[in-house]
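I have placed the structure first, in the form of structure tokens, so that the comments after it can refer back to it.
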Amino acid sequence: MDDLFPPFAPDVNDRPRRFRPVPFRLIAPNMITLLALCLGLTAIRLAFEGRFEPAVIAVIVAAGLDGIDGRVARLLKGTSRFGAELDSLADFVNFGCAPALILYSFTLHNLKSVGWIVALVFAIAMCLRLARFNAMLDDPNRPEWKKDFFVGMPAPAGAITGMLPLYLHFLGLDFSAWGRPVILVYVLVIALLVVSTVPTFSGKTWGKRVPRDLVVPIFLVVVVGFGLVISFPFEAMAAVSVAYLAGLPFGAAQYRKRLKQEASAPVVPTQNSPSAPKV
């Protein structure tokens, strides 16, 4: 909190103290986070009202804002401890509580207490995943290349893939009594992936430098992707969810490859190491 609202300077004349003004670059990322939090809470309300389509869209937009706020903070040099804590709390509501309650209102409530237990497991898995993520940020011995990977499925990805049964329902798939146990098992698997140690691509270090000959193709891909999401939102989200789940083994394989490269890399002796040449 102190890095967002710095302590006021003492007045040598013993006049009433005044708070220093907060730079807007510190406020802007937190405003985006609060907008995402409002969408997550609204999604819960819409689920209670049985309006599942706008509830799902609210969570998806919140996931998009979650991917923006951190980048905006780094771009504006407005990162703060307050913003990091606020982001984690918002993520728990948006990607833990909201999807769990949407799925419970959609079909898990038909399974009585078992369905509620799975919804609880999904929400608590998100909470544990976020707590572990915050704890790993303070690890000074973490290699730089590991920033390219998450430990377990990230919270936004877990929420988006966890709502895959809803996308299929909106596309006309009827989940009758036979489909409810399948959805229950699927949601439980996603919750376990969230708290697992399976490495997944983070994407946070991508896009810092783009080759000049790829600029125009990237523009075209973004425009086409945006058009598909706007025109066929649930078809696109179902395809993205399936593609993401199918790509998890490739991310784990790449992580193991990088780990082997680090283990086989020669150790450079330092001045204080026993193998260092004496001067």
Side-chain angles (χ1 to χ4, degrees), residues 36 39-40 43-44 46-47 51-68 91-108 115 118-119 121-123 125-126 129-130 149-175 178-196 198-204 206 221-222 224-254:
L39 286 171
I44 296 175
L46 293 171
R51 301 160 61 186
F52 296 113
E53 289 193 18
V56 169
I57 292 174
V59 174
I60 294 173
V61 175
L65 293 177
D66 179 72
I68 292 175
D91 287 352
F92 173 58
V93 175
N94 297 339
F95 312 128
C97 299
L101 293 175
I102 291 173
L103 288 164
Y104 181 77
S105 300
F106 170 61
T107 188
L108 292 181
V118 171
V121 169
F122 185 90
M126 289 292 179
R129 189 258 178 274
L130 293 167
F149 299 89
F150 287 124
V151 179
M153 186 183 294
I160 290 176
T161 56
M163 294 188 298
L164 177 60
L166 285 157
Y167 311 147
L168 299 177
H169 171 73
F170 299 150
L171 296 178
L173 184 60
D174 182 22
F175 287 103
W178 66 268
R180 292 166 188 163
V182 175
I183 294 176
L184 185 143
V185 173
Y186 173 78
V187 174
L188 186 60
V189 169
I190 296 297
L192 294 177
L193 285 174
V194 167
V195 295
S196 70
V198 176
T200 58
F201 285 119
S202 68
K204 287 189 174 182
W206 297 353
V221 169
V222 171
V224 172
F226 180 80
L228 290 174
V229 171
I230 294 298
S231 302
F232 310 99
F234 300 118
E235 291 88 345
M237 296 312 302
V240 167
S241 299
V242 173
Y244 182 85
L245 293 174
L248 290 179
F250 298 98
Q254 184 66 23

State the CG-OH distance between L171 and Y167, to the nearest 0.5 angstrom.
11.0 Å
Side chains of F122 and L101 in contact at under 4.5 Å (non-hydrogen atoms)
no
If I take atom CG from residue L46 and atom CG from residue L39, how far apart are they, to the nearest 0.5 angstrom?
10.0 Å
Smallest separation among heavy atoms of L228 and A236, with atom names
O-CB, 4.3 Å
Taking all non-hydrogen atoms of both residues, which atom of A36 and which atom of A62 are closest, and how far apart?
O-CB, 3.7 Å
Smallest separation among heavy atoms of G40 and N94, with atom names
CA-OD1, 3.2 Å
Between the CD1 atom in I102 and the CG atom in L108, the distance rounded to the nearest 0.5 Å is 12.0 Å
Return the minimal non-hydrogen interatomic distance between A55 and A47, and the atom names on each side.
CB-N, 4.1 Å
Nearest 0.5 Å, what's the CZ-CZ distance between F170 and F52?
7.5 Å
Nearest atoms (heavy-atom pairs only) where P249 meets A246:
CD-O, 3.2 Å
Check: F95 and P154 side chains under 4.5 Å, non-hydrogen atoms
no
Once rounded to the nearest 0.5 Å, what's the spacing between atom CG of D66 and atom CG of D91?
4.0 Å
Would you say the side chain of L193 lies within less than 4.5 Å of the side chain of L248, judging by non-hydrogen atoms?
yes
State, yes or no, whether a side-chain contact exists between V198 and M153 at a heavy-atom distance under 4.5 Å.
no
Tell me whether S196 contacts the main-chain N or O of G152 through its side chain, where contact means a donor paired with an acceptor under 3.5 Å.
no
Nearest heavy atoms of A98 and A43, plus distance in Å:
CB-CB, 4.5 Å
Pairing residues for F92 by the side chain to side chain contact (heavy atoms under 4.5 Å, CB included) criterion, not counting sequence neighbours:
C97, C127, L130
Student check: side-chain heavy atoms of M163 and F106 closer than 4.5 Å
no
To the nearest 0.5 Å, what is the distance between CE on M237 and CD1 on I160?
4.5 Å
Between I190 and Y186, is there a side-chain heavy-atom distance shorter than 4.5 Å?
yes
